[in-house]
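Since the structure comes first, as structure tokens, the remarks are kept for the end.
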Amino acid sequence: MTIRLYLVRHGETPMNAARQLQGITDAALTAKGRAAADRLGELLRPVPFAKVFTSDRGRTIETAHRIIAGHQPQPPLIQLSALREYYFGGLEGDSGNAVITRTIRQFGVAAAFRAWRGSERFAGLVRSIREADPTHQAEDLPDLIARAHQAFTQVIAQSPDNSDLLVVSHGMLLSALIYQLAPEDLPFMLLKNTSVTRVDITEKQWQVRGVNLTRERDILALRGSATSTAPDAASDQSPK
């Protein structure tokens, strides 16, 4: 079995532009987000996607439709609720900077930055968000990881062998997968809008080929090759 996953974070929304925590709240793409999705579609046009998977949020669906607009025949698009974004609870709509400030006030500068450094910084970030949520409804790390595992189990189960798959999802959900495979490759600010992360699956081995790619030359180096390796290259691992 060989499956090549092209993992894309959706295009920019007004809440992204305002640096608000969006979570499960939905929104359309901005003009910038639409243009970036169209540009990515041009770069990925030669990749023969067998299927496309998105969450059930409109911003991922619109991004996916724009990416595959030039593909003939059109690959089927499947919506999976498990691919939804992390739930920020009572913090949805808040400024991301405000959450950082609140965390520093609660735990102190040194403790906060220790939690956000190193290979475990994603886990520290999720814990900080959950502890900052006054409603105590924000998703915890084990639940997020379990949901990411569920989502990609569904993706693989519904896909043919030796195929290229497009998965358009959200920053935190995709970061949860990368955190399990190659935590040292996860950017400090997580994934950019319309960035591409490539993960290849051979039998039960998952290999990260590139993370958070936005430059044209890096994306072009990935497409259509089962053996290509992005500049940041990759470790072999399997999600837990």
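Only a predicted model underlies this, so the values are computations on that prediction, with no experimental measurement involved.
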For [X] against [Y], the heavy-atom pair lying closest together:
{"X": "Arg9", "Y": "Leu174", "answer": "N-CD1, 3.9 Å"}
{"X": "Asp133", "Y": "Gly89", "answer": "OD2-CA, 3.8 Å"}
{"X": "Gly11", "Y": "Thr63", "answer": "N-OG1, 3.0 Å"}
{"X": "Phe122", "Y": "Met172", "answer": "CZ-O, 3.7 Å"}

Tell me, do [X] and [Y] make a side-chain contact under 4.5 Å, heavy atoms counted?
{"X": "Thr194", "Y": "Thr214", "answer": "no"}
{"X": "Tyr6", "Y": "Leu165", "answer": "no"}
{"X": "Thr13", "Y": "Gln22", "answer": "yes"}
{"X": "Glu216", "Y": "Leu43", "answer": "yes"}
{"X": "Ile156", "Y": "Ile201", "answer": "yes"}
{"X": "Val8", "Y": "Leu166", "answer": "yes"}
{"X": "Lys51", "Y": "Pro76", "answer": "yes"}

In chain order, what residues pass the side-chain contact (heavy atoms from CB on, under 4.5 Å) check against Asp140, with sequence neighbours excluded? Arg130, Pro142, Asp143
Inspect the contact between [Y] and [X] and indicate whether a charged nitrogen and a carboxylate oxygen are less than 4.0 angstrom apart.
{"X": "Arg45", "Y": "Glu42", "result": "yes"}
{"X": "Arg34", "Y": "Glu12", "result": "no"}
{"X": "Asp200", "Y": "Arg209", "result": "yes"}
{"X": "Glu131", "Y": "Arg127", "result": "no"}

Under a plain distance cut-off of 3.5 Å, with no hydrogens placed, do [Y] and [X] share a side-chain donor-acceptor pair?
{"X": "Ser55", "Y": "His170", "answer": "yes"}
{"X": "Tyr87", "Y": "Glu92", "answer": "no"}
{"X": "Asn162", "Y": "Thr2", "answer": "no"}

With sequence neighbours left out, what residues match Arg57 under side-chain hydrogen bond (donor to acceptor under 3.5 Å, both in side chains)? none
Taking Arg198 for the side chain and Leu222 for the main chain, is one N or O donor matched with an acceptor at less than 3.5 Å? yes
